[in-house]
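Working notes, beginning with the structure itself.
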Amino acid sequence: MYNAPTMKGYALEKIRDEARGIVVAILGQEAAEHIRVEFPPPGIGADLAIPLFPLAKVLRRNPNEMASEVAEKVDPSGSYFDQISAAKGFVNFHFDWTQCNKLFFEDFLASGDAYGSAEIGSGKTVVIDYSAPNIAKPFSVGHLRSTVIGQALYNILIFLGYTVIGDNHIGDWGTQFGKILAAYDRWGDEKALEESPTRALLDLYVRFHEEAVADPSLEVAAREWFAKLEAGDDKATQLWSRFRELSLREFERIYDLLGVSFDHTLGESFYNERLKDIVQRALDSGVAEWSTVPDKDASRSGEKDAAGKGGTSEEKGNVDASGGRDSTETGVGDDEKVILIPLAKYDISAPLILQKSDGTSLYATRELATLEHRVAEWKPHEVLYVVGAEQSLYFTQFFKAIELLGIKVKCVHVPFGMIRLPEGRMSTRKGRVIFLEDLLAEAIERAGEIVKDRDLSDEEKQEIARLVGVAAVKYADLSQDRTKDIVFDWKKMMALEGNSGPYLQYAYTRAASIMRKSGEDDVGELENLDPSALTEEEETALLREIARFPEVIKQAAGDYKPNYIANYLFSLSQVFNRFYVNCAVLKAETPVLKDSRLALVAMTAYVLRKGLSLLGIDCPEKM
RNA sequence: GCGCCUGUAGCUCAGUUGGAUAGAGCAACGGACUUCUAAUCCGUAGGUCGGGGGUUCGAAUCCCUCCAGGCGCGCCA
C-alpha cells in the first residue's frame with residue numbers, strides 16, 4: 001500500500017485515497033495539499049483523474065512530465081486500478097473492476113439499510129423553519145417550495161446523523177388579521193366560511209383591499225382590530241381562533257396529500273405574550289431605540305421613479321405585498337414614535353423595526369421571540385430558515401440584530417426563487433394564483449389516465465395515481481436549483497416522462513419487479529454472487545453511479561440543495577434503464593451472472609427508493 | 001437612484017465548486033414491444049454558455065463593464 005487510507009468512509013472514498021496516495025508516493029509529500037481527485041469527463045476512458053497543474057506551479061515542474069513520471073514509475077498491481085496513465089497534465093486512473101466491484105458490493109452489504117448515511121451530524125441539533133403558510137390564505141403553489149425543500153433538507157440531515165426539529169412557523173398573527181377581522185365584522189358570511197374557510201377568508205381579504213382604496217377608514221379599523229387582538233380582546237380572539245382552526249384543518253389535508261409532517265406547529269401567535277419583554281430588553285440593552293418616522297414623501301417618490309423606469313411591467317409596485325405599503329396606510333400620525341434597531345453603521349440600509357407607533361408588534365418582533373424560544377427549548381447548533389429569496393435583506397437585518405442582542409446560534413437563510421406565472425408574479429389579492437390543491441388534483445388525474453388500463457385493482461390504481469401525481473409536482477420543484485425563479489408551467493409540473501419524478505419511480509418499479517420475480521429478498525444470501533463477473537459497460541456504469549450516492553448526499557446537505565440528489569437519481573435511472581434494456585437479469589446466461597446482476601438490481605432499487613425518500617417522494621412497487 | 005439574484009439548444013433546465021470534446025428533458029424527425037412493465041430504449045438535428053474586456057497552464061464557472069430580466073430598499077409578512 002502506498003499510504004494508509006482512512007479506514008472510515010465508503011468505497012469510493014477509499015479508492016480516491018489510494019489514487020491520491022499513489023501520486024504523493026511518487027511526486028513527494030508536497031503533492032498532498034495540491035492535488036484533488038476528480039471525475040474525468042466521459043470519453044476519456046478513465047474513472048478518476050488528478051490534474052497536476054496546481055502542483056506544477058508550486059514545484060515549478062512541467063505537469064506533462066510529472067504525469068508521465070507517475071505513469072512510468074507506478075506499479076498498479078495490487079491496487080484498485082489496472083491502468084494508470086498520463087495525458088495532458090492529468091494522471092488518469094482506470095478501475096480494476098475485479099477489485100472495485102467487490103469493494104462496492106461489500107460496502108453496500110456491510111451498511112445494509114444505512115448505505116449512504118453518515119454520522120457527521122451526530123450530537124448536533126438543527127431546527128428547520130419551513131412551509132409556514134399564512135392562515136386565511138389558501139395554500140398556493142407559492143407555498144410549495146418552502147414546504148418540499150424544507151422537508152427534503154429535514155430528511156437529508158436526519159440521514160446524516162443530525163437531530164432535526166421541523167417547526168412549521170404558521171403565519172397566524174399580524175396586521176393582516178386586523179384586516180380580516182375588520183372585513184369579517186362588516187361583510188362576514190357564516191355559510192361561506194363553513195364551506196371553504198380559506199377561500200372565504202381570502203375573499204374578505206381581497207374585498208378589504210378593493211374597498212380600502214376608496215375608504216381609508218377601513219385601514220384604521222384594521223389597525224384597531226389587530227391592536228385589540230394583541231391586547232387579548234375577547235371577541236377578536238374568539239374570531240381569530242376560529243379562523244385559525246378552520247385554516248389549519250385545510251392545511252392538514254394538503255400536508256397529508258404531500259406526505260409532509262412537522263415536529264411542531266407553533267405559529268407566530270404562540271409568542272404573543274413574550275413580545276413586550278423582548279422589546280423592553282432590546283431597549284434596556286441599548287441595542288434598540290425610539291425613533292421618529294422619516295419623511296414618507298421622499299421614499300415614495302423614489303419608488304415611483306424606480307417603477308417608472310422599469311417600464312415594461314405595469315404590475316410593478318402594484319402587486320400583492322408591495323401594494324400594501326403605499327398611500328392608504330394613514331392610520332398613524334407622523335409625529336408618533338417607533339422602536340427600532342439602527343443598522344446603518346453595519347452597512348445595512350434599513351433599520352429593523354420592533355414596534356409600530358400604535359404599540360403593536362411586527363414580523364421581526366415575533367421572529368426574535370421565536371428564536372429565543374427555539375434556543376432555550378432545543379439548544380440547536382443551527383437554525384435554517386427556508387424562506388423566499390425576496391426576504392434576503394430582512395434576514396441580513398434580522399441576523400445582525402440577534403448578534404447585537406447576544407443570541408448565540410448559527411442562523412442560515414436558505415432562500416429560494418419564486419414561482420411566477422408567465423404573465424407575472426402571482427397575487428392572491430388579484431385572484432391571479434394557482435392553488436396547490438388544484439395542481440395536485442390535476443396531476444393525480446393525469447397519472448390515473450395512464451394507470452387505468454393496467455391489470456390492477458381499483459385501489460391500487462388510485463394509490464399509484466396519487467403517489468405518481470404528487471411525485472411529479474414535488475420533483476418538478478426539487479430538481480431545480482432552488483435559488484432560481486420557476487416560471488410556472490402546468491405541463492412541466494405534471495410531467496410523467498423524461499426528467500420527471502415518475503421517471504425515477506418507474507425505474508424503481510422495474511427494479512422492484514425483477515426482485516419480486518426472482519424470489520430473492522436477501523442479496524447477501526445469493527449463492528452464485530461474484531461481483532467480478534460484472535464487466536459490461538452497462539454494469540460498471542451502474543456501479544459507478546451507485547458508489548457516488550453517499551457523497552452526493554453530503555454535498556446536498558453542505559449546500560442545502562436537494563436538487564443535487566434529484567439530478568443524481570435521474571442520472572442513475574438513465575443508467576439503470578440502459579442496463580435494463582441491454583442486460584437480461586432473470587434470464588442471464590449463467591447462474592453467476594444472474595445472481596451478480598440481481599445483486600446489482602437490488603442495490604439500484606435501494607438507492608432509488610432511499611434517494612427518493614430523502615426528497616420526500618414515495619415509490620409505488622408497481623405502476 | 002441604491003443593494004441582492006439571474007442570463008447555457010426553439011422551450012424548460014443540469015453542469016461534480018477553475019479542468020480535458022458544455023450535457024439532459026420537452027418539442028421535431030427516424031427506428032425498437034410474441035421480451036425482467038414501451039411512464040422505456042436507440043439514433044438524427046439543434047450552441048459565439050447575453051455582449052465586450054480582464055485574471056492564468058486552463059473560464060459557462062472568478063473580476064470589471066455594458067445590456068436584459070427578477071427581487072428588495074423604516075411601522076406587510
Side-chain angles (χ1 to χ4, degrees), chain A residues 38-44 49 51 53-54 56-57 63 87-90 132 134 171 173-176 268 291 293-294 296 299 302-303 305-306 309-310 312-313 320-325 329 332 336 338-340 349-358 360 362-364 366 388-394 396 415 417-418 420 425 447 450-451 454 468 479-481 483-487 489 491-492 495-500 502-503 505-507 509-511 513-518 548 551-552 555 559 563-564 566-568 570-571 574 577-578 580-582 584-587 601 622-623:
Chain A
E38 300 175 348
F39 294 113
I44 296 295
F53 309 102
K57 194 176 246 173
K88 298 182 194 166
F90 292 85
N134 287 332
W173 209 250
T175 314
Q176 55 175 328
E268 292 182 54
S291 174
V293 183
K296 264 187 187 175
S299 67
E303 242 168 73
D305 284 344
K309 188 173 177 281
T312 53
S313 168
D320 212 13
S322 59
R325 207 186 321 111
E329 307 266 349
V332 179
E336 292 180 73
V338 299
I339 298 174
L340 54 73
S349 55
L352 191 67
I353 301 178
L354 296 183
Q355 190 178 91
K356 294 190 275 189
S357 49
D358 63 1
T360 56
L362 284 114
Y363 185 51
R366 301 188 287 272
E390 68 273 15
Q391 292 190 40
S392 292
L393 174 61
Y394 162 74
T396 56
M418 53 175 54
R420 298 198 329 262
R425 188 174 175 159
I450 295 185
V451 87
R454 296 280 199 274
V468 170
S479 63
Q480 295 186 41
D481 183 336
T483 61
K484 295 183 184 173
D485 286 355
I486 289 179
V487 178
D489 175 4
K491 243 180 23 210
K492 187 172 183 188
L496 302 173
E497 48 191 53
N499 188 354
S500 68
Y503 180 93
Q505 290 176 315
Y506 186 68
T509 60
R510 280 181 144 182
S513 168
I514 291 175
M515 295 314 295
R516 208 166 39 240
K517 292 194 172 165
S518 77
R548 276 176 58 209
E551 43 186 67
V552 169
Q555 283 163 352
D559 287 355
N563 72 308
Y564 292 172
N567 297 150
Y568 162 77
F570 176 60
S571 166
Q574 281 183 308
N577 275 327
R578 258 167 241 150
Y580 182 91
V581 168
N582 293 305
V585 177
L586 298 178
K587 293 176 188 165
V601 171
K622 301 175 184 174
M623 63 189 272

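Every chain is numbered from 1, with letters handed out A, B, ... down the list of sequences.
Going from atom NZ of A/K88 over to atom P of B/U21 covers 5 Å, rounded to whole Å. One can place CD1 of A/I486 at 13 Å from P of B/U12, the figure rounded to the nearest angstrom. In this structure, A/Y564 places its OH atom 17 Å from P of B/C13, rounding to the nearest Å. Between the CZ atom of A/F570 and the C1' atom of B/A24 there is a distance of 6 Å, rounded to whole Å. When the P atom of B/U37 is taken as reference, atom CZ of A/R510 falls 9 Å away, rounded to whole Å. For the pair A/D485 CG and B/G7 P, the interatomic distance rounds to 11 Å; values are reported in whole Å. What separates CZ of A/R366 from P of B/C76 is a distance of 10 Å, to the nearest Å. If you take OH of A/Y503 and C1' of B/U37, they are 14 Å apart, rounded to a whole angstrom.
Going from the P atom of B/G31 to that of B/C71 covers 46 Å, rounded to whole Å. Nucleotides B/A27 and B/G15 have their P atoms positioned 23 Å apart, rounded to a whole Å. Taking atom C1' on both B/C11 and B/G58, the two are 32 Å apart, rounded to the nearest angstrom. For the P atoms, the distance linking B/U44 with B/A24 amounts to 11 Å, nearest Å. Rounded to a whole angstrom, the distance from the C1' atom of B/U21 to that of B/U35 is 37 Å. Taking atom C1' in both B/A28 and B/A9, the straight-line distance is 13 Å, to the nearest Å. If you take atom P in B/A39 and the same atom in B/A20, they sit 36 Å apart, rounded to whole Å. Comparing B/C49 with B/U61, their C1' atoms sit 10 Å apart, to the nearest whole Å.
Here A/F90 does not pack flat against the base of B/G19, since the 5.5 angstrom centre distance and 30 degree tilt limits are not both met. Residue side chain A/F53 fails the stacking definition with respect to B/G58, as its ring centre and the base's six-membered ring centre are not both under 5.5 angstrom apart and under 30 degrees in plane angle.
Of the candidates B/C41, B/A14, B/A39, B/C41 carries the atom nearest the A/R578 side chain, counting heavy atoms from C-beta on. Nearest nucleotide to the A/I450 side chain, out of B/A20, B/C36, B/A39: B/A39. Distances from the side chain of A/K587 to the nucleotides B/U40, B/A77, B/C36 place B/C36 closest. The nucleotide whose nearest atom lies closest to any side-chain atom of A/D481 is, among B/C76, B/C57, B/A14, B/A14. For A/N563, taking side-chain heavy atoms from C-beta onward, the closest of the listed nucleotides B/A39, B/A14, B/C71 is B/A14. If you check B/G72, B/C36, B/G74 against the side chain of A/P351, the one that comes closest is B/G74. For A/A87, counting side-chain heavy atoms from C-beta on, the closest listed nucleotide (B/U40, B/A20, B/U12) is B/A20. The side chain of A/E497 has B/C26 as its nearest neighbour among B/U35, B/C26, B/G70.
Within the nucleic acid shown, A/G171 has no heavy atom closer than 4.0 Å to any nucleic acid atom.
At a threshold of 4.5 Å between non-hydrogen side-chain atoms, the residues A/Q555 and A/Y568 do not count as touching.
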Going through the checks in order, is the side chain to side chain donor-acceptor pair (under 3.5 Å) test met by A/N577 and A/Y503?
CA-CA 10 Å; A/N577 275 327; A/Y503 180 93; 3.1 Å; yes
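Its glycosidic angle being within 90° of 0, B/G74 falls on the syn side. Annotated as syn: B/U17, whose glycosidic dihedral is within 90° of 0.
Taking both residues in full, the closest heavy atoms of A/E38 and A/P51 are given as OE1-CG, 3.7 Å, listed atom of the first, atom of the second, then distance.
You'll find a donor-acceptor pair under 3.5 Å spanning the side chain of A/R454 and the base of B/A39, going by distance alone.
Side-chain atoms of A/D485 do not come within 3.5 Å of backbone N or O of A/G417 as any donor-acceptor pair.
B/G7 is paired with B/C67 under the criterion used here, namely a Watson-Crick or G-U wobble arrangement in which both key atom distances are under 3.5 Å. Remark: B/A60 base-pairs with no nucleotide; criterion is Watson-Crick or G-U wobble with both hydrogen-bond distances under 3.5 Å.
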